[in-house]
Amino acid sequence: LKASSELREYGSTYFKRGTVRCAAKCYELAEAAVSGVLVAEAQELERLAVLNLSACWNKLGEFRDALRCAKQVLTHDPSHTKALWRAAEAALGAGEP
């Protein structure tokens, strides 16, 4: 859990600096570090990493990947505001209705 949390923090730092590809890699690693762990805290860290990854893909113009990530979060929490926003952003960017 600690590794995932630290990787997510690194990703946030890279994202704020505009180094979005590095941020995306950190978020992918953060997700992988807790993937399949059934502890509630790990599942929340995984969702946050995937949600942040969606923001990276949107910023990079990789809208289908952004939409996939946002939908992954929405399967667990269909009313998650940020996930809904990122999904809408990605769908618009991809030209989907």
Side-chain angles (χ1 to χ4, degrees):
L1 295 178
K2 184 178 178 187
S4 178
S5 183
E6 288 176 359
L7 285 163
R8 204 173 67 76
E9 288 177 26
Y10 289 136
S12 294
T13 300
Y14 282 124
F15 190 85
K16 289 174 188 172
R17 291 182 183 167
T19 315
V20 181
R21 288 212 183 271
C22 289
K25 188 62 178 173
C26 287
Y27 295 137
E28 288 175 333
L29 292 170
E31 176 193 9
V34 291
S35 184
V37 178
L38 299 177
V39 178
E41 185 181 354
Q43 292 173 340
E44 180 62 17
L45 284 171
E46 182 178 10
R47 278 192 287 273
L48 290 172
V50 171
L51 188 61
N52 289 344
L53 189 54
S54 179
C56 290
W57 295 140
N58 272 330
K59 192 159 189 106
L60 291 167
E62 302 290 339
F63 300 115
R64 296 206 190 286
D65 288 331
L67 187 56
R68 177 184 49 78
C69 289
K71 284 181 176 181
Q72 185 178 335
V73 173
L74 290 169
T75 59
H76 299 284
D77 183 358
S79 63
H80 194 289
T81 307
K82 275 190 180 179
L84 289 167
W85 176 262
R86 300 236 168 99
E89 212 175 19
L92 285 172
E96 295 183 14

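Closest of all the heavy-atom pairs between Ala30 and Arg8 is CB-N, 4.0 Å. Considering every non-hydrogen atom in both Val34 and Leu1, the closest pair reads CG1-CD2, 3.9 Å. Closest approach of Leu60 to Arg21, counting heavy atoms only: CD1-NH1, 3.8 Å. Residues Ser4 and Ala33 share a closest heavy-atom pair of CB-CB, 4.0 Å. Listed here is the closest heavy atom pair of Val73 and Leu51: CG2-N, 4.0 Å. Considering every non-hydrogen atom in both Ala90 and Leu67, the closest pair reads CB-N, 3.5 Å.
Within 6.0 Å of OH in Tyr14 there are 12 or fewer heavy atoms belonging to other residues, nucleotides or ligands. More than 12 heavy atoms of other residues, nucleotides or ligands lie within 6.0 Å of CD in Glu44, so this atom counts as buried by the packing criterion.
From Asn58, atom CG reaches atom CZ of Arg86 across 7.5 Å, with rounding to the nearest 0.5 Å. Interatomic distance, CD of Glu28 versus OG of Ser35, reported as 12.5 Å (0.5 Å rounding). Note that CZ of Arg47 and OG1 of Thr75 are 8.5 Å apart. Values are rounded to the nearest 0.5 Å. Residue Cys26 holds its SG atom at 13.5 Å from CD of Glu31, rounded to the nearest 0.5 Å.
Although no hydrogens or angles enter the test, the distance criterion places no donor-acceptor pair under 3.5 Å between the side chain of Tyr27 and the main chain of Leu48.
Side chains of Asn52 and Ser54: no donor on one and acceptor on the other come within 3.5 Å.
Ala24 meets the side chain to side chain contact (heavy atoms under 4.5 Å, CB included) test with Leu53, Cys56, Trp57; sequence neighbours excluded.
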